[in-house]
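Before any comments, here is the structure.
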Amino acid sequence: MIVRLMGDGQYEVDDEVAKGLHDLDEQAGEAVEQGDEEKLRDLLRRIADAVRANGARVPDEDLSASDGIVPPDDLSLEEARRLFEDEGLIPDLPVSS
Amino acid sequence: MAGLMSRASMVVKAKFSKLLDRAEDPAETLDYSYQRQLELLQNVKRGIADVVTAKKRLELQETQLQQSVVKLDGQARQALAADREDLARQALERKSGLQQQLQNLDQQSQQLQQQQEKLVTSEKALSAKVEAFRTQKETIKAQYSAAEAQVRIGEAATGIGEQMADTGLAIQRAKDKTEQMQARASAIDELTTSGALEDFTSDQTELDRELGALASKSQVDDELAKMKSELGPGEKQKELQQ
């Protein structure tokens, strides 16, 4: 599957790696729920490291969509919460009006 | 609670589908989307320029602070030589305060550097994808019926929409960081002009004045001694006789 590391790029990872990512991702979700920023960042970093170490970089000019999107690994708890709110962390597109 | 990855994907897709809903027919959708991509590309370039400007401002502040540190160090030595340990202590305390500020500036500078690198990476990826989208857009327009085109557009648009969301976030975060930094710098400026905080970088601090007074006193003493020796005992005698 294709995974996007936000602020970095897209990587193709095999099913085995994807499974490992899924576990870390579940824990990252829990960290947000528990309000544990340090744990959240640690997990996001581990996810990103695993993707970079085991994935193949998708060329920039490839227009494939990703199956999973990993937020930046320096994400704060507050940003993580905003990411899933209506107004959200990601600005509406287009950015300029 | 589910993981973050799938939810982030959903958020990104929802953002982009809003954009696609705006246009009526496929050709229009493609052109509209392409225009937005070009705008975003401009925004990210502007974002990089803004971070570079902010970094230059930090560097300037850093240079000024470093000069003040050197000056205070010299003043401390001067004061100590004049047997004014109290003044020397004061100068060294200020120096240590400035050194802490310098460390903060350094950290901020590193953060901005990271933001800049992310923006550059993002710009490169977006730029490549926009070009690929442009080619695909023309192919879709030329080769497919309206119904087929819709499907193809959906595929291409999701891929680039994701990049747009990613770049959009990178721009936003860089902007937030830059603004935080500027707010802090302005706050320090304001404190110094209102006098709440002494401006250590100004030419004349209280310390300068005291040291200046000290220096001029010792200069006067020196000159007096010199004059006395020039006059000599004989001259003095003459003066007394007159």
Side-chain angles (χ1 to χ4, degrees), chain A residues 1-10 18 21-34 40 43-44 47 51 57-76 78-97, chain B residues 1-16 18-19 32-33 35-37 39-40 42-44 46 111 114-115 117-119 121-122 124-133 135-136 154-173 176:
Chain A
M1 73 173 200
I2 295 178
V3 176
R4 169 179 291 274
L5 300 181
M6 291 193 92
D8 180 347
Q10 292 170 291
L21 293 180
H22 181 76
D23 290 343
L24 290 171
D25 186 34
E26 291 283 319
Q27 291 178 50
E30 281 167 24
V32 174
E33 210 169 54
Q34 292 160 0
L40 170 69
L43 284 160
L44 287 173
I47 293 172
V51 170
R57 177 96 189 193
V58 175
D60 282 343
E61 61 274 16
D62 193 317
L63 290 177
S64 306
S66 307
D67 302 291
I69 296 180
V70 184
D73 61 12
D74 58 345
L75 197 74
S76 71
E78 202 249 322
E79 285 177 313
R81 290 192 177 122
R82 264 167 59 210
L83 186 60
F84 306 114
E85 279 168 9
D86 270 356
E87 284 305 303
L89 182 65
I90 296 168
D92 272 330
L93 301 170
V95 172
S96 71
S97 53
Chain B
M1 175 161 163
L4 304 181
M5 284 162 63
S6 56
R7 291 199 295 161
S9 295
M10 280 191 303
V11 171
V12 166
K13 280 184 185 127
K15 290 274 175 200
F16 200 65
K18 265 193 212 166
L19 177 58
Y32 179 76
S33 173
Q35 284 311 312
R36 299 287 83 77
Q37 293 163 26
E39 276 176 31
L40 190 61
Q42 284 308 309
N43 284 355
V44 71
R46 213 174 302 136
Q111 282 180 7
Q114 283 170 5
Q115 295 304 321
E117 281 162 17
K118 281 189 179 164
L119 283 182
T121 307
S122 214
K124 192 171 146 275
L126 181 64
S127 177
K129 280 189 163 54
V130 167
E131 184 48 32
F133 184 88
T135 314
Q136 208 156 328
E155 289 165 4
T158 317
I160 195 145
E162 216 182 277
Q163 182 61 52
M164 289 173 80
D166 194 340
T167 303
L169 181 63
I171 296 173
Q172 188 60 49
R173 295 186 100 210
D176 289 348

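Keep in mind that this is a model prediction, so the values were computed, not measured. Numbered from 1 within each chain, the chains take letters A, B, ... in sequence-line order.
Closest non-hydrogen pair, R173(B) versus L75(A), comes out as NH2-CA, 3.7 Å. Looking at every heavy atom in both residues, L4(B) comes nearest to D25(A) through N-OD1, 2.7 Å. Smallest separation of non-hydrogen atoms from S9(B) and D67(A): OG-O, 3.7 Å. The two residues K129(B) and D60(A) make their nearest non-hydrogen contact at CG-O, 2.7 Å. Contact record, T158(B) with A65(A): CG2-CB, 3.7 Å, taken as the closest heavy-atom pair.
Once rounded to the nearest 0.5 Å, the distance linking OG1 of T135(B) with CD of E61(A) reads 10.5 Å. Atom-to-atom distance recorded for L5(A):CG and T121(B):OG1 is 12.0 Å, nearest 0.5 angstrom. Separating the NZ atom in K118(B) from the CE atom in M6(A) is a distance of 10.5 Å, to the nearest 0.5 Å. With rounding to the nearest 0.5 angstrom, the CE atom of M5(B) is 10.5 Å from the CD atom of E26(A).
For chain B, no part of Q27(A) is nearby; none of its heavy atoms comes within less than 4.5 Å. Heavy atoms closer than 4.5 Å to chain A are found in both the backbone and the side chain of E162(B). Both the backbone and the side chain of Q163(B) come within contact range of chain A, with heavy atoms under 4.5 Å apart. Heavy atoms closer than 4.5 Å to chain A are found nowhere in S122(B), neither backbone nor side chain. Looking at L24(A), neither its backbone nor its side chain comes within 4.5 Å of chain B, counting heavy atoms on both sides. Looking at L44(A), only its side chain comes within 4.5 Å of chain B, counting heavy atoms on both sides. Contact annotation for A125(B): both backbone and side-chain heavy atoms come within less than 4.5 Å of a heavy atom of chain A.
Looking only at heavy-atom pairs under 4.5 Å with chain B, the residue among P72(A), S66(A), P59(A) that has the most is S66(A).
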